[in-house]
Amino acid sequence: MKLSDAKRLVKNYPDFPKEGIQFKDISPVLENPEAFKALTRSAKQKISALEFNKIVGIDARGFIFGSVLAHVMHKGFIMCRKPGKLPGSLHRASFAYEYAETELGIQAERFSPKDNVLIIDDVLATGGTAKAAGKIVLNAGANLAGFLFIVNLPFLKGIEKLEKTFPGVPVYFVLSY
Ligand code: AMP
C-alpha cells in the first residue's frame, strides 16, 4: 500500500477528548496489515542511517510502533511508562501535554552510559511528552540519538520545542497533517 493511502486511514476526531483537539486515531491503520506495513516500512527508511542501539517507546501507542521497529531492526526496546506501571528505581519527568498533565518514568537499570537511544511515539503534538522522555534518557546518562513519530501535527510546533530543548538531535516523522 502507498503511504498516501495509509495516511487516509488515520481518522480525525474533532473535539476528542476535549473541545478544540483534533484527535488522530491510528486504529484503522493498525487493523489493516498493508497500511500498518506501509507506515512501519517508511519509518524504518527514515531512520536507516541513524546509529542507535535502543528504542524507548512512550506509553502506550509508542509501544506499538517502537516494539515493531525494535524487532525488525534488532534493537533493544525500553518502555517509558505512566505512573504506577513500572517496579524498581525509576528516572522520572513530569510534564503537561496537549490536553492533560502527568509523569513518565523509565527503570534506571535499563540504561548504560554507552546506550544510544531513539525515542518513538505515535503522535507529536505540542512535544511535551517527548521532551519529558528525552530528559529522562539524558538524566539516565545515555545519549539521545533521535526522535521518531508516525504522525506530526506541525501547527502545534512540537518539532520546534524538541529542537530547542535538544539541539542537534534529529526529529523524524512519517505523516504530517
Ligand atoms: P504532546 O505531548 O502534546 O506532543 O502529545 C503527544 C502525546 O499525546 C502522544 O503520546 C499522543 O499519543 C497523544 N496525543 C496528543 N495529541 C494528540 C492528537 N491530536 N491525536 C492523537 N494523539 C494525541
Side-chain angles (χ1 to χ4, degrees), residues 3-4 6-32 35-36 38-40 42-43 46-47 54-70 77-86 90-107 110 117-139 144-167 169-177:
L3 205 52
S4 52
K7 183 176 182 179
R8 273 193 284 277
L9 286 176
V10 176
K11 192 167 173 188
N12 189 65
Y13 282 90
D15 300 323
F16 178 87
K18 68 178 199 190
E19 214 180 316
I21 304 295
Q22 299 289 329
F23 191 85
K24 301 293 178 203
D25 185 18
I26 58 164
S27 304
V29 170
L30 301 177
E31 190 190 352
N32 182 313
F36 195 2
L39 288 190
T40 47
S42 172
K46 304 257 175 199
I47 54 176
K54 287 190 177 155
I55 288 176
V56 161
I58 301 179
D59 198 348
R61 281 165 285 149
F63 294 171
I64 300 167
F65 291 95
S67 61
V68 167
L69 286 162
F77 182 73
I78 297 175
M79 293 183 286
C80 180
R81 299 218 65 180
K82 290 171 186 157
K85 302 286 185 185
L86 287 173
L90 305 185
H91 291 290
R92 303 169 206 265
S94 316
F95 66 103
Y97 65 117
E98 198 185 3
Y99 43 75
E101 195 169 330
T102 187
E103 181 187 280
L104 286 173
I106 302 180
Q107 288 173 321
R110 298 278 73 79
V117 176
L118 172 68
I119 293 174
I120 295 186
D121 204 357
D122 65 330
V123 175
L124 175 63
T126 65
T129 309
K131 180 177 165 181
K135 284 187 166 174
I136 295 172
V137 167
L138 293 181
N139 287 343
L144 189 51
F147 293 93
L148 171 74
F149 304 92
I150 301 305
V151 172
N152 177 36
L153 303 177
F155 59 97
L156 292 170
K157 304 203 182 310
I159 292 191
E160 286 85 338
K161 182 181 278 181
L162 294 179
E163 286 178 345
K164 197 170 153 209
T165 313
F166 308 104
V169 175
V171 181
Y172 305 91
F173 59 88
V174 178
L175 304 174
S176 191
Y177 289 85

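Just follow the structure's listing: the first ligand is 1, and inside any ligand the first atom is 1.
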For ligand 1, does Gln22 get within less than 4.0 Å through its side chain, its backbone, both, or neither, judged by non-hydrogen atoms? backbone

Taking Lys24's backbone N and O only, do any of them form a donor-acceptor pair with Asn12's side chain (distance below 3.5 Å, no angle check)? no

Numbered atoms and elements of ligand 1 in range of Thr129, under 4.0 angstrom, heavy atoms: 1 (P), 2 (O), 5 (O), 6 (C), 7 (C)

Using the rule given for ring-ring contact (aromatic ring centres under 6.0 Å, His included), can you reason through Phe166 versus Phe147, listing the C-alpha separation, both sets of side-chain angles and the distance that settles it, and then say yes or no? CA-CA 10 Å; Phe166 308 104; Phe147 293 93; 5.5 Å; yes

Part of Leu153 with heavy atoms under 4.0 Å of ligand 1, whether side chain, backbone, both or neither: side chain

Atom indices of ligand 1, in the order listed, that fall short of 4.0 Å to a heavy atom of Thr126: 1 (P), 2 (O), 3 (O), 4 (O)

Under 4.0 Å between a side-chain nitrogen and a carboxylate oxygen: does that hold for Asp25 and Lys11? no

With heavy atoms under 4.0 Å as the rule, classify the contact between Asp122 and ligand 1 as side chain, backbone, both or neither. side chain

Verify side chain to side chain contact (heavy atoms under 4.5 Å, CB included) between Phe149 and Leu162, making sure each step is shown before the conclusion. CA-CA 12 Å; Phe149 304 92; Leu162 294 179; 3.8 Å; yes

For side chain to side chain contact (heavy atoms under 4.5 Å, CB included), just list the numbers for Ile159 and Leu124, CA-CA rounded to whole Å, side-chain angles, deciding distance to a tenth of an Å, and then say yes or no. CA-CA 8 Å; Ile159 292 191; Leu124 175 63; 3.6 Å; yes

Please round to the nearest 0.5 Å and tell me the distance separating atom CD1 of Ile58 and atom CD1 of Ile106. 8.0 Å

The atoms of ligand 1 lying under 4.0 Å from a heavy atom of Lys24, numbered in the order shown, are 18 (C), 20 (N), 21 (C)

Does Gly158 reach ligand 1, in the sense of a heavy atom lying below 4.0 Å from it? no

If I apply the N/O under 3.5 Å rule, does Phe95 come out as touching ligand 1? no

Assess Asp121 for proximity to ligand 1: is some non-hydrogen atom of it under 4.0 Å away? yes

Can you find an N/O atom of Gly127 closer than 3.5 Å to an N/O atom of ligand 1? yes

Is the number of heavy atoms from other residues, nucleotides or ligands under 6.0 Å of Tyr177 OH greater than 12? yes

